[in-house]
Protein chains: 2
Amino acid sequence: MTVMDDLDGKIIGLLVEDARKPLTEVAGQVGLSTSAVNERVRRLVAQGVIRRFTVDASPEALGLPVLALIWAAVPHAREAAFRSFAATHPGIVECHHVTGVWSYLIHLRVADLAGVETFLTHLKSEDLLERSETMLALSTVRSAPWVPR
Amino acid sequence: MTVMDDLDGKIIGLLVEDARKPLTEVAGQVGLSTSAVNERVRRLVAQGVIRRFTVDASPEALGLPVLALIWAAVPHAREAAFRSFAATHPGIVECHHVTGVWSYLIHLRVADLAGVETFLTHLKSEDLLERSETMLALSTVRSAPWVPR
DNA sequence: TCTGAAACCGGGAAACC
DNA sequence: GGTTTCCCGGTTTCAGA
(Lines give C-alpha, C1' and ligand atoms only; values in the text may rest on other atoms or scores of the structure.)
Protein backbone atom coordinates (compact mmCIF):
# COMPACT_ATOMS: atom_id res chain seq x y z
CA MET A 1 0.00 0.00 0.00
CA THR A 2 2.46 2.46 1.25
CA VAL A 3 4.76 3.29 -1.59
CA MET A 4 7.39 5.68 -0.35
CA ASP A 5 10.78 6.46 -1.73
CA ASP A 6 13.40 8.69 -0.18
CA LEU A 7 12.18 11.68 -2.19
CA ASP A 8 8.88 11.42 -0.35
CA GLY A 9 10.86 11.27 2.87
CA LYS A 10 12.75 14.42 1.96
CA ILE A 11 9.55 16.23 1.04
CA ILE A 12 7.94 15.28 4.33
CA GLY A 13 11.06 16.38 6.18
CA LEU A 14 10.91 19.80 4.56
CA LEU A 15 7.21 20.20 5.23
CA VAL A 16 7.69 19.15 8.85
CA GLU A 17 10.06 22.06 9.31
CA ASP A 18 7.78 24.48 7.51
CA ALA A 19 4.48 23.34 6.09
CA ARG A 20 4.03 26.70 4.37
CA LYS A 21 7.25 26.47 2.44
CA PRO A 22 6.30 27.06 -1.20
CA LEU A 23 6.23 23.86 -3.23
CA THR A 24 8.52 25.59 -5.70
CA GLU A 25 11.19 25.75 -3.00
CA VAL A 26 10.59 22.17 -1.95
CA ALA A 27 10.85 21.20 -5.60
CA GLY A 28 14.19 22.96 -5.89
CA GLN A 29 15.57 21.24 -2.81
CA VAL A 30 14.55 17.75 -3.84
CA GLY A 31 15.31 18.18 -7.51
CA LEU A 32 11.84 17.88 -8.96
CA SER A 33 9.38 20.19 -10.65
CA THR A 34 6.67 21.93 -8.67
CA SER A 35 3.96 19.81 -10.21
CA ALA A 36 5.72 16.59 -9.37
CA VAL A 37 6.06 17.66 -5.75
CA ASN A 38 2.46 18.79 -5.70
CA GLU A 39 1.36 15.41 -7.00
CA ARG A 40 3.48 13.56 -4.44
CA VAL A 41 2.10 15.62 -1.57
CA ARG A 42 -1.40 14.93 -2.83
CA ARG A 43 -0.63 11.21 -2.88
CA LEU A 44 0.92 11.26 0.60
CA VAL A 45 -2.20 12.90 1.98
CA ALA A 46 -4.47 10.48 0.10
CA GLN A 47 -2.48 7.51 1.43
CA GLY A 48 -2.67 8.82 4.97
CA VAL A 49 1.08 9.19 5.34
CA ILE A 50 0.44 12.86 5.95
CA ARG A 51 -2.51 12.98 8.35
CA ARG A 52 -2.93 16.72 8.30
CA PHE A 53 -1.28 20.08 7.98
CA THR A 54 -1.30 21.74 11.36
CA VAL A 55 0.41 24.25 13.62
CA ASP A 56 2.69 23.56 16.54
CA ALA A 57 1.65 25.95 19.29
CA SER A 58 3.26 26.85 22.58
CA PRO A 59 1.31 25.52 25.57
CA GLU A 60 3.13 27.99 27.83
CA ALA A 61 2.07 30.90 25.67
CA LEU A 62 -1.49 29.68 25.87
CA GLY A 63 -1.45 29.48 29.64
CA LEU A 64 -0.89 25.74 30.12
CA PRO A 65 2.63 25.43 31.53
CA VAL A 66 2.02 22.32 33.62
CA LEU A 67 2.45 18.87 32.09
CA ALA A 68 1.36 16.00 34.31
CA LEU A 69 2.11 12.38 33.47
CA ILE A 70 -0.52 10.23 35.07
CA TRP A 71 -0.60 6.47 35.44
CA ALA A 72 -4.17 5.36 35.74
CA ALA A 73 -5.87 2.13 36.72
CA VAL A 74 -9.34 2.13 35.27
CA PRO A 75 -12.22 -0.05 36.53
CA HIS A 76 -12.68 -2.82 33.96
CA ALA A 77 -16.37 -2.13 33.63
CA ARG A 78 -15.72 1.54 32.90
CA GLU A 79 -13.09 1.22 30.23
CA ALA A 80 -15.28 2.19 27.31
CA ALA A 81 -16.47 5.24 29.20
CA PHE A 82 -12.92 6.11 30.12
CA ARG A 83 -11.80 5.93 26.52
CA SER A 84 -14.48 8.20 25.19
CA PHE A 85 -13.80 10.61 28.03
CA ALA A 86 -10.07 10.61 27.29
CA ALA A 87 -10.65 11.06 23.59
CA THR A 88 -12.55 14.28 24.11
CA HIS A 89 -11.20 15.93 27.27
CA PRO A 90 -9.37 19.07 26.14
CA GLY A 91 -6.58 18.79 28.72
CA ILE A 92 -5.60 15.27 27.69
CA VAL A 93 -2.80 15.60 25.19
CA GLU A 94 -2.05 11.91 24.97
CA CYS A 95 -3.53 8.75 26.33
CA HIS A 96 -2.01 5.32 25.75
CA HIS A 97 -3.18 1.89 26.78
CA VAL A 98 -0.02 0.28 28.08
CA THR A 99 1.47 -2.97 29.26
CA GLY A 100 2.40 -3.29 32.94
CA VAL A 101 0.57 -2.78 36.18
CA TRP A 102 -1.14 0.44 35.13
CA SER A 103 -3.66 0.35 32.33
CA TYR A 104 -3.24 3.86 30.95
CA LEU A 105 -0.68 6.62 30.70
CA ILE A 106 -2.17 10.10 30.37
CA HIS A 107 -0.44 13.32 29.42
CA LEU A 108 -2.36 16.19 30.91
CA ARG A 109 -1.85 19.87 30.08
CA VAL A 110 -3.17 22.29 32.67
CA ALA A 111 -2.68 25.83 33.91
CA ASP A 112 -1.51 24.89 37.40
CA LEU A 113 -1.41 22.12 39.99
CA ALA A 114 -4.96 22.83 40.99
CA GLY A 115 -5.87 21.76 37.47
CA VAL A 116 -4.33 18.34 38.11
CA GLU A 117 -6.35 17.91 41.26
CA THR A 118 -9.54 18.98 39.54
CA PHE A 119 -8.87 16.49 36.79
CA LEU A 120 -8.25 13.55 39.14
CA THR A 121 -11.23 14.43 41.28
CA HIS A 122 -13.42 14.55 38.24
CA LEU A 123 -12.19 11.18 36.99
CA LYS A 124 -12.88 9.61 40.38
CA SER A 125 -16.30 11.18 40.69
CA GLU A 126 -17.25 9.58 37.38
CA ASP A 127 -15.89 6.25 38.61
CA LEU A 128 -13.30 6.21 35.83
CA LEU A 129 -10.32 5.84 38.13
CA GLU A 130 -9.44 3.14 40.65
CA ARG A 131 -6.09 4.55 41.60
CA SER A 132 -3.40 6.64 39.96
CA GLU A 133 0.10 7.93 40.25
CA THR A 134 1.05 11.37 39.00
CA MET A 135 4.43 12.63 37.92
CA LEU A 136 5.19 16.16 36.87
CA ALA A 137 7.39 17.10 33.95
CA LEU A 138 10.05 19.37 35.45
CA SER A 139 11.55 20.15 32.08
CA THR A 140 11.29 18.77 28.61
CA VAL A 141 14.32 17.72 26.59
CA ARG A 142 12.31 16.88 23.53
CA SER A 143 8.61 17.32 22.86
CA ALA A 144 6.09 16.43 20.23
CA PRO A 145 4.21 19.26 18.52
CA TRP A 146 1.40 20.54 20.68
CA VAL A 147 -2.02 21.55 19.46
CA PRO A 148 -4.76 23.11 21.54
CA ARG A 149 -8.34 21.88 21.33
CA MET B 1 3.90 39.78 26.62
CA THR B 2 1.35 37.48 25.23
CA VAL B 3 -1.64 39.39 24.07
CA MET B 4 -4.24 36.92 22.91
CA ASP B 5 -7.93 37.42 22.51
CA ASP B 6 -10.48 34.79 21.61
CA LEU B 7 -10.24 35.69 17.93
CA ASP B 8 -6.62 34.58 18.01
CA GLY B 9 -7.80 31.42 19.71
CA LYS B 10 -10.33 30.77 16.97
CA ILE B 11 -7.75 31.39 14.28
CA ILE B 12 -5.31 28.97 15.88
CA GLY B 13 -8.07 26.41 16.24
CA LEU B 14 -8.86 26.61 12.54
CA LEU B 15 -5.21 26.38 11.55
CA VAL B 16 -4.68 23.40 13.84
CA GLU B 17 -7.34 21.54 11.90
CA ASP B 18 -5.92 22.61 8.56
CA ALA B 19 -2.89 24.82 8.36
CA ARG B 20 -3.40 25.21 4.61
CA LYS B 21 -6.89 26.55 4.93
CA PRO B 22 -6.91 29.79 2.89
CA LEU B 23 -6.76 32.90 5.06
CA THR B 24 -9.78 34.15 3.16
CA GLU B 25 -11.78 31.24 4.60
CA VAL B 26 -10.39 31.75 8.07
CA ALA B 27 -11.30 35.40 7.75
CA GLY B 28 -14.86 34.52 6.84
CA GLN B 29 -15.21 32.14 9.79
CA VAL B 30 -13.88 34.56 12.38
CA GLY B 31 -15.50 37.65 10.90
CA LEU B 32 -12.43 39.62 9.89
CA SER B 33 -10.86 40.66 6.64
CA THR B 34 -8.12 38.58 5.08
CA SER B 35 -5.53 41.22 5.84
CA ALA B 36 -6.44 41.35 9.50
CA VAL B 37 -6.14 37.59 9.81
CA ASN B 38 -2.85 37.67 7.97
CA GLU B 39 -1.53 40.26 10.37
CA ARG B 40 -2.70 38.30 13.42
CA VAL B 41 -1.07 35.11 12.20
CA ARG B 42 2.14 37.01 11.59
CA ARG B 43 1.99 38.34 15.14
CA LEU B 44 1.26 34.94 16.65
CA VAL B 45 4.30 33.52 14.91
CA ALA B 46 6.46 36.47 15.95
CA GLN B 47 5.33 36.10 19.56
CA GLY B 48 6.06 32.40 19.55
CA VAL B 49 2.48 31.39 20.22
CA ILE B 50 2.65 29.52 16.94
CA ARG B 51 6.00 27.73 16.97
CA ARG B 52 5.80 26.42 13.44
CA PHE B 53 3.58 25.20 10.65
CA THR B 54 4.11 21.50 10.29
CA VAL B 55 2.61 18.23 9.15
CA ASP B 56 1.20 15.46 11.28
CA ALA B 57 2.47 12.22 9.79
CA SER B 58 1.55 8.61 10.46
CA PRO B 59 4.31 6.69 12.21
CA GLU B 60 2.70 3.42 11.13
CA ALA B 61 2.75 4.46 7.49
CA LEU B 62 6.42 5.30 7.86
CA GLY B 63 7.27 1.92 9.32
CA LEU B 64 7.43 2.80 13.00
CA PRO B 65 4.42 1.07 14.57
CA VAL B 66 5.98 0.44 17.97
CA LEU B 67 5.74 3.06 20.70
CA ALA B 68 7.76 2.28 23.82
CA LEU B 69 7.41 4.30 27.00
CA ILE B 70 10.64 4.06 28.90
CA TRP B 71 11.37 5.17 32.44
CA ALA B 72 15.06 5.83 32.78
CA ALA B 73 17.43 6.41 35.66
CA VAL B 74 20.44 8.29 34.37
CA PRO B 75 23.83 8.41 36.12
CA HIS B 76 24.12 11.86 37.68
CA ALA B 77 27.47 12.51 36.10
CA ARG B 78 26.10 11.69 32.65
CA GLU B 79 23.02 13.82 32.65
CA ALA B 80 24.28 16.49 30.28
CA ALA B 81 25.40 13.81 27.85
CA PHE B 82 22.06 12.08 28.16
CA ARG B 83 20.18 15.27 27.40
CA SER B 84 22.09 16.05 24.26
CA PHE B 85 21.73 12.43 23.16
CA ALA B 86 17.99 12.52 23.77
CA ALA B 87 17.61 15.84 21.99
CA THR B 88 19.04 14.45 18.77
CA HIS B 89 18.23 10.74 18.64
CA PRO B 90 15.72 10.28 15.81
CA GLY B 91 13.67 7.61 17.57
CA ILE B 92 13.04 9.69 20.66
CA VAL B 93 9.74 11.42 20.16
CA GLU B 94 9.53 12.89 23.62
CA CYS B 95 11.77 13.08 26.65
CA HIS B 96 10.71 14.64 29.92
CA HIS B 97 12.60 15.16 33.15
CA VAL B 98 10.12 14.09 35.77
CA THR B 99 9.48 13.97 39.48
CA GLY B 100 9.45 10.61 41.22
CA VAL B 101 11.86 7.71 41.42
CA TRP B 102 12.75 7.77 37.73
CA SER B 103 14.56 10.75 36.30
CA TYR B 104 13.30 10.64 32.71
CA LEU B 105 10.36 9.44 30.70
CA ILE B 106 11.18 8.67 27.07
CA HIS B 107 8.79 8.05 24.20
CA LEU B 108 10.54 5.91 21.64
CA ARG B 109 9.27 5.19 18.13
CA VAL B 110 10.75 2.13 16.48
CA ALA B 111 10.00 -0.41 13.79
CA ASP B 112 9.84 -3.44 16.08
CA LEU B 113 10.77 -4.77 19.50
CA ALA B 114 14.31 -5.38 18.38
CA GLY B 115 14.55 -1.63 17.98
CA VAL B 116 13.74 -1.17 21.65
CA GLU B 117 16.47 -3.56 22.65
CA THR B 118 18.98 -1.90 20.35
CA PHE B 119 18.09 1.44 21.87
CA LEU B 120 18.49 0.30 25.47
CA THR B 121 21.70 -1.52 24.71
CA HIS B 122 23.10 1.56 23.07
CA LEU B 123 22.15 3.78 26.01
CA LYS B 124 23.83 1.39 28.43
CA SER B 125 26.95 1.06 26.33
CA GLU B 126 27.35 4.82 26.46
CA ASP B 127 26.84 4.74 30.22
CA LEU B 128 23.71 6.88 29.90
CA LEU B 129 21.44 4.44 31.69
CA GLU B 130 21.61 3.01 35.20
CA ARG B 131 18.37 1.10 35.00
CA SER B 132 15.10 1.39 33.17
CA GLU B 133 11.59 0.10 32.88
CA THR B 134 9.86 -0.21 29.55
CA MET B 135 6.16 -0.22 28.82
CA LEU B 136 4.64 -0.73 25.41
CA ALA B 137 1.71 1.25 24.09
CA LEU B 138 -0.85 -1.38 23.12
CA SER B 139 -3.20 1.16 21.63
CA THR B 140 -3.52 4.90 21.67
CA VAL B 141 -6.73 6.64 22.66
CA ARG B 142 -5.38 10.08 21.94
CA SER B 143 -2.06 11.10 20.47
CA ALA B 144 -0.10 14.26 19.81
CA PRO B 145 0.85 15.05 16.23
CA TRP B 146 3.86 13.04 15.13
CA VAL B 147 6.71 14.31 13.02
CA PRO B 148 9.58 12.24 11.67
CA ARG B 149 13.15 13.48 11.93
C1' DT C 1 -5.95 47.58 14.28
C1' DC C 2 -9.07 47.02 10.81
C1' DT C 3 -10.79 47.40 5.71
C1' DG C 4 -10.49 47.31 0.76
C1' DA C 5 -7.92 47.46 -3.63
C1' DA C 6 -3.98 46.24 -6.25
C1' DA C 7 0.22 43.58 -7.19
C1' DC C 8 2.41 39.56 -6.89
C1' DC C 9 3.32 34.86 -6.72
C1' DG C 10 2.33 30.06 -5.70
C1' DG C 11 -0.77 26.10 -6.70
C1' DG C 12 -3.39 23.10 -9.69
C1' DA C 13 -4.70 21.50 -14.43
C1' DA C 14 -3.68 20.34 -19.11
C1' DA C 15 -0.85 18.74 -22.74
C1' DC C 16 3.03 16.34 -23.74
C1' DC C 17 7.55 13.49 -23.05
C1' DG D 1 5.91 9.47 -13.23
C1' DG D 2 8.12 13.44 -15.02
C1' DT D 3 8.31 18.44 -17.13
C1' DT D 4 6.61 22.83 -18.99
C1' DT D 5 3.09 26.15 -19.64
C1' DC D 6 -0.67 28.81 -18.31
C1' DC D 7 -4.41 30.61 -15.60
C1' DC D 8 -6.87 31.21 -11.42
C1' DG D 9 -6.86 32.45 -6.81
C1' DG D 10 -4.66 33.25 -2.39
C1' DT D 11 -1.25 35.96 -0.04
C1' DT D 12 0.78 40.17 0.85
C1' DT D 13 1.28 44.98 0.81
C1' DC D 14 -0.26 49.62 1.14
C1' DA D 15 -3.28 53.68 1.74
C1' DG D 16 -6.83 55.21 4.34
C1' DA D 17 -10.15 55.24 8.30
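Proteins come first, then strands; the chains are lettered A, B, ... in the order of their sequence lines, and each starts at number 1.
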Could you check whether atom CD of B:E117 has more than 12 heavy atoms from other residues, nucleotides or ligands sitting under 6.0 Å from it? no
Using whole Å, report how far [atom1] of [X] lies from [atom2] of [N].
X     : N      : atom1 : atom2 : answer
A:L32 : C:dG11 : CG    : P     : 15 Å
A:N38 : D:dG2  : CG    : P     : 12 Å
B:L7  : C:dT1  : CG    : C1'   : 12 Å
B:L44 : C:dT1  : CG    : C1'   : 14 Å
A:F53 : C:dG11 : CZ    : P     : 10 Å
B:L23 : D:dG9  : CG    : P     : 17 Å
B:E39 : D:dA15 : CD    : C1'   : 15 Å
A:R43 : C:dG12 : CZ    : C1'   : 17 Å

Would you classify A:R42 as touching base, sugar-phosphate or nothing, given that sugar-phosphate means primed atoms plus P, OP1 and OP2, and contacts are heavy atoms under 4.0 Å? nothing
When we call it a touch if two heavy atoms are under 4.0 Å apart, what does A:T24 touch: a base, just sugar-phosphate, or nothing? sugar-phosphate
Would you kindly check whether a donor in the side chain of B:S35 faces an acceptor in the base of D:dT12, or vice versa, at under 3.5 angstrom? no
Would the base of D:dT12 count as contacting B:T34 through its side chain, where contact means a donor and an acceptor less than 3.5 Å apart? no
Which nucleotide in D:dT11, D:dG2, D:dT13 has an atom nearest any side-chain atom of A:A36: D:dG2
Side chain of B:P22 - closest among D:dT13, D:dT4, D:dT11: D:dT11
Hydrophobic cluster identity match, B:L7 and B:L44, side-chain contacts under 4.5 Å: yes
Quick check, are the ring centers of A:F53 and B:F53 under 6.0 angstrom apart? no
Does the separation of the ring centres of A:F85 and A:H122 fall below 6.0 angstrom? yes
Would you name the heavy atoms of A:L129 and A:P75 that are closest together and state the gap between them? N-CD, 3.7 Å
